[in-house]
Amino acid sequence: MQVHSYLFFEGRCEEAIDFYEKTLGARRGMLMRYGESPEKCPEGMLPPGSDNKIMHGEFFIGESMVMASDGMVSGKPKFDGFSLSVDFTEVAAAEKAFHALAEGGSVNMPLGETFFAKTFGMVKDRFGMNWMVIVPKEMPKG
């Protein structure tokens, strides 16, 4: 069994995937646009001109798959109550990703050393998606 995140960007999905390719080295997977679906959406479900929006998409960060969509193309994505956490092995790589994610967004907690991490910080990106960036310390067992 696996659990995957499914993010609804409400009209900005392709822009978000492009952004994550640049900032996190994400790799694009399968994409299906509403206009390519074998079944048409019910009348009035989407705004006119949504045929080119993403009905279902996938991208990979490291070995993790994230699924994404433009959802109902409302223009109002909400990513409240959760964050995606991305682990790095090198502080320099974490810093680069953190600052790139923060461009056009906001820093919720600056990167810094903690008892559990060589560096850890929280950021909200330009799409409103919350991220935690971490280089974990090896914790003692027991």
Q: Is there any side chain to side chain donor-acceptor pair (under 3.5 Å) pair reaching into residues 84-97, and which pairs are they, with sequence neighbours excluded?
A: none
Q: Please check this pair: side chain of S50 against backbone of P47, looking for a donor-acceptor N/O pair closer than 3.5 Å.
A: yes
Q: Nearest heavy-atom pair of S83 and M132: which atoms, and what distance?
A: CB-CG, 4.0 Å
Q: Please find the pair of heavy atoms, one from V135 and one from A94, that lie closest to each other, and give the distance.
A: CG2-CB, 3.6 Å
Q: Can you list, pair by pair, the side-chain donor-acceptor contacts under 3.5 Å of residues 97-110, counting residues two or more places apart and other chains?
A:
none

Q: Enumerate donor-acceptor pairs with a distance under 3.5 Å from any side-chain N or O in residues 23-33 to protein atoms, sequence neighbours excluded.
A:
from	atom 1	to	atom 2	distance (Å)
T23	OG1	F19	O	2.9
R27	NH1	G62	O	3.1
R27	NH2	G62	O	3.1
R28	NE	E21	OE2	3.2
R28	NH1	E14	OE2	3.4
R28	NH2	D18	OD1	2.3
R28	NH2	E21	OE1	3.3
R33	NH1	E14	OE1	3.0
R33	NH1	N52	O	2.7
R33	NH2	E14	OE1	3.0
R33	NH2	E14	OE2	2.9

Q: Do V86 and I61 come close enough that some side-chain heavy atom pair is under 4.5 Å?
A: yes
Q: Could you tell me whether the side chain of S69 and the main chain of M55 form a donor-acceptor pair under 3.5 Å?
A: yes
Q: Would you give the length of the straight line joining atom CD of E10 to atom CZ of F79, rounded to the nearest 0.5 angstrom?
A: 8.0 Å
Q: Rounded to the nearest 0.5 Å, how far does CD of E58 lie from CD1 of I17?
A: 9.5 Å
Q: Is there a path of hydrophobic side-chain contacts, each under 4.5 Å between heavy atoms of I, L, V, M, F, W or Y residues, that connects V91 with F120?
A: no
Q: Taking F60 as the starting point, is it possible to reach L84 by hopping between hydrophobic residues whose side chains are less than 4.5 Å apart?
A: no
Q: Let me see the working for Y6 and H56 under side-chain hydrogen bond (donor to acceptor under 3.5 Å, both in side chains), right down to the final yes or no.
A: CA-CA 9 Å; Y6 206 117; H56 174 76; 2.7 Å; yes
Q: Are M129 and M72 connected in the hydrophobic side-chain network, where two residues link if heavy atoms are under 4.5 Å apart?
A: no
Q: Going by side chain to side chain donor-acceptor pair (under 3.5 Å), name the pairs with one or both residues in residues 111-138, residues two or more places apart or in two chains.
A: Y20-D125, E113-K137, D125-W131
Q: Taking all atoms of both residues into account, what is the closest heavy-atom pair of P136 and F88, and its distance?
A: CD-O, 3.6 Å
Q: State which residues pass side chain to side chain donor-acceptor pair (under 3.5 Å) with E15; sequence neighbours excluded, sorted by chain then number.
A: R12
Q: How many angstroms lie between CE in M67 and CG in L7, if you round to the nearest 0.5 Å?
A: 9.5 Å
Q: Not counting sequence neighbours, list each pair that qualifies as a salt bridge (Lys or Arg N to Asp or Glu O under 4.0 Å) and has a residue in residues 59-70.
A: none
Q: In the structure I gave you, are the side-chain heavy atoms of V66 and H4 within less than 4.5 Å of one another anywhere?
A: no
Q: Any chance you could measure C13, atom SG, to F8, atom CZ, to the nearest 0.5 Å?
A: 9.5 Å
Q: Does any non-hydrogen side-chain atom of I134 lie less than 4.5 Å from one of F116?
A: yes
